[in-house]
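Written out below as structure tokens is the structure these notes cover.
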Amino acid sequence: MATIKDYFRMKTSVTESQPETTGNGESELESVPPDVLLNNCDRDDVSDDSDTKLSDSSDSDEDEAAPSTLKDSMDKGIPQLAEEKEVPGPNDISKKPSDGPYQPKLHSYPRTQYGDKQRSFCQEWFNTNPWLEYSQSTDSVYCFACRHFSSPSGNMEKSFTNTGYSNWKKAVGKSGGFAKHTHADYHKDAVVAWKECTQMQEGGTSVAQMLNTGYQTAVKKNRHFIKTLGQVILVTCTQKLAQRGHAEQPGAGNPGNVLKILELVASHDDIIKERLASGPKNAKYTSPEIQNEMILTFAEIIRKEIIQEVKDAGVFSILVDESKDVSKQEQISLVIRYFYDGEIRESFLEFRAAFQLDAESLTKSIFDILKSHGVDFQRNLVGQGYDGASVMSGKISGVAARVRKEAKYAYYVHCHAHRLNLVLVDVTKGIADAANFFSLLEKVYVYVSGSYVHSKWIEIQKEMYPGQPTRELKRLSDTRWACRVDACRVIRDRFPALIRLLEEIGNETHADRAVDARGLLGQINAEFLMKLPVITSILMETSRLPIMFQLSDVDLGKAAELTETLIADLQEMRSDPQPFNNLWDEVQVIVRDHGFDIEDVDPSRRKRKRKLPKRLEEATLLEPLAGSSISSTDELEDSVKDKGRSFTARFLTECWQS
């Protein structure tokens, strides 16, 4: 049984089965749509031993040729044309429709005795009955239309087709033989068919051409429908839309995106509208199975083009990583990198389920993928890139070493984006203040992710920031460093909303939530606010590099240049006082805007505040307290500033040295 793949070829969305081509360049019709078959033709009338060739009045090269012989018509399923029908009657009258009625104009016609009178055929009857033809051998008349164009299953009058009519006494008149035959339904149908055949001949067309025209029209409509359906499915794929809905029956509330888009197209396209409304129910090609098959066909077409580009490029490299899908199944994703048409291209090739994650199994999976697409990796694979896991990068029995045994030019390159991520993770773990800061961010994310707290978090944002989109806290990940920058940005931009959230929940009666909220609120202090802009500004510098590393047009030289630029920027931030002074001004604004004292940034200077007696509420302090080592506000500010500079310097030093 034919499938939807029969409609597709490499460079087009859809194709149909085309007529086969003969050796002389002419194409033969393989099949004819049922709706264009002639009703007055039947294969039972075909003569098996006839080799008469079909005639075609059109010599245009654009039209497909009809079958060369009558037997080919039988083989191809095309009904026998009227010219090839074996017609009854004597041999001295017409034998095919193109001969026309045989109407000899004689000086006199044989007479037959009827009673006391002799009667004969009258030549004037040809004028009143143009369908008549006269046989001199039998001295009788026949109906040209019924002999050549009557339906095989019709109730024909044999006297006008086989034996001949010669009752000249009762031939004319209202009740005569000619009149009765003229008013017969089978005769009327035959005359209509005769007239249509005459018009076809005068217009330079043939039955074969009519069949061919109907076939071409049906093919064009089928192609248009399949192409439109394929484009709709392709749009849903590229836009990441679900193809199907919960119920795809007619009249369903949500039949799915594909059917809804088709309905919209049908309102502007009569061919699509006709096909959906009255087309064959088993040939609408909108079922889930057909949609999936189309998607797989698209993927196969794209993969073939990618593989062809890789073969034309000559050499290539691979990027491989494994991850879990939503069903917790480990999968290998393989990306192929090559130079084609003046540019570097990275193309995703395939997902492959990984049932075992040891080096031998992963290597076998990589080789199987490349072999299945006909890629010669042993000679043309010149590079391989993975993460730094030992199973992938091991020098003795890792995947990189095993691949190198089969492809000797496949040099291993540790992914620079992964390397930078590892550096930043180690730096964070090496500085206690930074590690504590990110640990607190993660705890805030976990707490706000609870259903009750999260709904309250959304409500507070809508109230405090009307007209602005709500922001979500980001979860931290060691393998995705960019998420840390996003997490810091959200906290910085929505800090008042976060403080209000924790304060309101801390005053509620739910003990567990209230205690957790008070605990987090106690840790989010002036010192936390000082670290927030510092770490955010540093991470914004470092986060650009992994993004650039992931661009498809970045080569090894450009990656090294970008890395050196980042190191120089970090060193400048550490040695030049101006960037830190600007950052410190920002810290002071943030700390004071949120109701904290700048002195609270330095824990060593922080003291427990005593409640001032009421009698001293309006008093003014003129002398510093005894025992204080700080004698002025400037000294206090310098001390706090030194605290911030120390943290920033240590963090930048670790980043720069790593």
Side-chain angles (χ1 to χ4, degrees), residues 1-9 11-19 27 29-41 62-64 66 76-79 192-193 196 199-200 203 205-239 241-298 301:
M1 182 179 68
T3 63
I4 198 65
K5 289 185 178 179
D6 299 332
Y7 291 97
F8 290 87
R9 292 184 188 274
K11 293 297 182 182
T12 58
S13 299
V14 290
T15 57
E16 291 274 0
S17 298
Q18 298 292 330
S27 56
L29 295 174
E30 292 186 341
S31 60
V32 180
D35 55 342
V36 300
L37 296 181
L38 297 180
N39 294 328
N40 62 338
C41 299
E62 297 179 358
D63 294 331
E64 296 183 3
K76 299 298 180 182
I78 299 178
V192 171
E196 291 179 351
Q199 293 176 358
M200 288 167 49
T205 59
S206 64
V207 175
Q209 285 180 311
M210 290 182 63
L211 293 175
N212 191 24
T213 302
Y215 171 82
Q216 293 294 337
T217 301
V219 167
K220 288 181 180 179
K221 288 184 177 180
N222 289 340
R223 285 185 179 180
H224 180 72
F225 179 78
I226 292 295
K227 184 177 180 179
T228 303
L229 177 60
Q231 290 174 337
V232 170
I233 294 178
L234 189 59
V235 166
T236 59
C237 292
T238 54
Q239 296 301 117
L241 300 176
Q243 280 78 29
R244 296 181 291 278
H246 297 291
E248 298 186 353
Q249 293 78 10
N254 181 19
N257 291 319
V258 170
L259 296 183
K260 273 296 184 182
I261 297 176
L262 271 181
E263 290 179 5
L264 177 61
V265 174
S267 63
H268 302 278
D269 193 318
D270 293 336
I271 296 178
I272 305 299
K273 182 178 181 180
E274 178 186 0
R275 186 62 175 267
L276 292 177
S278 58
K281 293 183 178 180
N282 62 344
K284 290 186 177 180
Y285 302 108
T286 57
S287 65
E289 293 77 13
I290 295 298
Q291 293 180 28
N292 289 337
E293 193 172 350
M294 278 190 172
I295 295 173
L296 293 176
T297 303
F298 292 150
I301 292 173

Using a 4.5 Å cut-off on heavy atoms from C-beta on, say whether the side chain of Lys273 contacts that of His268.
no

Hey, does the side chain of Asn257 reach the backbone of Ala242 with a donor-acceptor pair shorter than 3.5 angstrom?
yes

Do Ile261 and Gln231 pass the side-chain contact (heavy atoms from CB on, under 4.5 Å) test, and can you show the C-alpha distance, the side-chain angles, and the key distance before you say yes or no?
CA-CA 10 Å; Ile261 297 176; Gln231 290 174 337; over 6 Å; no

Please report the interatomic distance NZ(Lys281) to OG(Ser287), rounded to the nearest 0.5 Å.
15.0 Å

If you round to the nearest 0.5 Å, how far is CD1 of Ile295 from CD of Gln243?
4.0 Å

Grab the two heavy atoms, one from Lys260 and one from Pro255, that are nearest each other, plus how far apart they are.
CE-CD, 3.8 Å

I need the minimum non-hydrogen distance between Thr286 and Gln291, along with the two atoms involved.
O-NE2, 2.9 Å

Partner of Val265 by side-chain contact (heavy atoms from CB on, under 4.5 Å), out of Thr228, Leu229, Ile271
Thr228

Separation between CG (Leu262) and CZ (Phe225), nearest 0.5 Å, reads 6.0 Å

Tell me every residue that passes side chain to side chain contact (heavy atoms under 4.5 Å, CB included) with Ala277, counting only those two or more places apart in sequence or in another chain.
none

Scanning both residues in full, the closest heavy-atom pair of Gly230 with Met294 reads CA-SD, 4.1 Å

Report the distance from atom CG of Asp270 to atom NE2 of His224, rounding to the nearest 0.5 Å.
9.0 Å

Tell me if the NZ atom of Lys220 is crowded by more than 12 foreign heavy atoms within 6.0 Å.
no

Using every non-hydrogen atom in the two residues, find where Ile290 and Tyr285 come nearest and quote the distance to one decimal.
CG2-O, 3.5 Å

Using a distance-only test with no angle check, is there a side-chain donor-acceptor pair under 3.5 angstrom linking Arg275 and Asn222?
yes

So, for Leu276 and Ala266, which heavy atoms are closest and what is the spacing to 0.1 Å?
CD1-CB, 4.1 Å

Kindly compute the distance separating CG (Asn292) from CD1 (Ile233), expressed to the nearest 0.5 Å.
8.5 Å

